[in-house]
Amino acid sequence: MEGILSGVAGSILSAMRNTLGEGSFSLHEPRFQGNEQRYVQDCIVSTYVSSVGAYVDRFEKELAAYTGARRAVAMVNGTAALQVALKLAGVEANDEVIIPSLTFIGTANAVSYLGAIPHLADSDSSTLGLDHVALREWLKLNAECAGDSSRNRNTGRRLRAMVPVHIFGHPCNMEGLLAVARDFRLSMVEDAAESLGSFYQGQHTGTFGLLGTLSFNGNKIVTTGGGGAILTNDERLADQAKHLTTTAKRPHRWEYLHDRIGYNFRMPNLNAALGCAQLEQLNDFIASKRRLFSSYKRAFASVKGVSLLEEPPNCESNYWLSAVTLDERLAGLRDEVLRVTNDAGLMTRPAWKLMHHSEPYKKSPRAPLPVAESIAQRLINLPSSAGLA
Ligand SMILES: *Cc1c(COP(=O)(O)O)cnc(C)c1O
């Protein structure tokens, strides 16, 4: 059956088969081949399964050591981590926060939970992250500096922050984006949910802004079941993040003293135990994903009209999800490729629905989004679990 398919979809399918071999493959599966059972069992035996325990502290220390951030604060998921990071960056109700339209909806939701409004910006076709050149042009025309932030001339609202997202693990152009943030007085909070293990000019993603956030959802490169973390080099912000996400409880031997409305966003010890075991394997996961990418690259070399997304120059990507883009003239074939590959048991997926096409964000303020539109019509993610190569 697969043999007789011709055309682009058929060529893509056979390139994928050449890389993956026979059988079915999901987009991304977790891999538990280290100390996962031992550490989780240890929590159960000790009874420390919940909100306190040594694995949470250990996971935070190891995350900080790995990323080079001064501090890491573990949390219940990546969306909660981003919400808290934005709050600590000074985002308040009615502020606007610049995010890419091409992202997972969690990025936009974290902004909305604070009563703030996502302001959607375009992407760079080589990194898939925010395009700093287009963003600067857009802000020059539509924003004016006002005090310690900018104002959107069209809506009158304060522009408070920008959230670059390192899409599929590929680092954004941080040098360009930091310059825009500085010139327009925007706080920078990086959504590094997908980029644990990715470096821009030797520095870990998520450590360039005031704060950065990670996710350890089941489909991410390292999973804790569910989980997230804030990274920051600012000790004071890290302390505030810890306090705010642990119901703002003051230490006391017996009294319940809460000094503000905090959140119950802490990561349970059970999840952190899983995370500690996973972190021990992170470098192996990355090496495996990089081998898989190289193998896809060889297999796709002869497929015309299709290119694999490569790590940007001067970057080291974790290649969390491998992706191909169809040339513009083949954009109409995306759904056929998705159908043929999924029919064959090879799980492929399109990019997310763009935020300005998603029901909750259709009316969000936005810049022109031609690149995001084009990428969304042409991009396909390939099976990318660690251990496939
Ligand atoms: C996974 C992800 C998140 C959210 O993380 P959760 O842990 O699922 O809440 C946010 N942003 C991006 C870009 C993601 O991929």
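A quick note: this is a predicted structure, and the numbers were derived from the prediction, not measured. Residues take their numbers from the sequence shown, with the count starting at 1. Note that ligands are numbered from 1 as they come in the structure, with each ligand's atoms numbered from 1 the same way.
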Can you establish whether the number of heavy atoms outside Lys362 located under 6.0 Å from its atom NZ is more than 12?
yes

Residue set satisfying side-chain contact (heavy atoms from CB on, under 4.5 Å) with Leu257, at least two apart, ordered chain then number -> Arg250, His252, Glu255

Does Lys61 NZ have over 12 foreign heavy atoms under 6.0 Å away?
no

Under 4.0 Å from ligand 1 - residues by heavy atom, chain and number
Asn77, Gly78, Thr79, Thr103, Phe104, Thr107, Val165, Asp191, Ala193, Glu194, Ser215, Asn217, Lys220, Gly227

Which one of Phe104, Tyr319, Trp352, Phe293 satisfies the ring pair (Phe, Tyr, Trp, His ring centres under 6.0 Å) criterion with Phe168?
Trp352

Under a plain distance cut-off of 3.5 Å, with no hydrogens placed, do His166 and Trp320 share a side-chain donor-acceptor pair?
no

Just wondering, are more than 12 heavy atoms of other shown residues or ligands nearer than 6.0 Å to CD in Gln37?
no

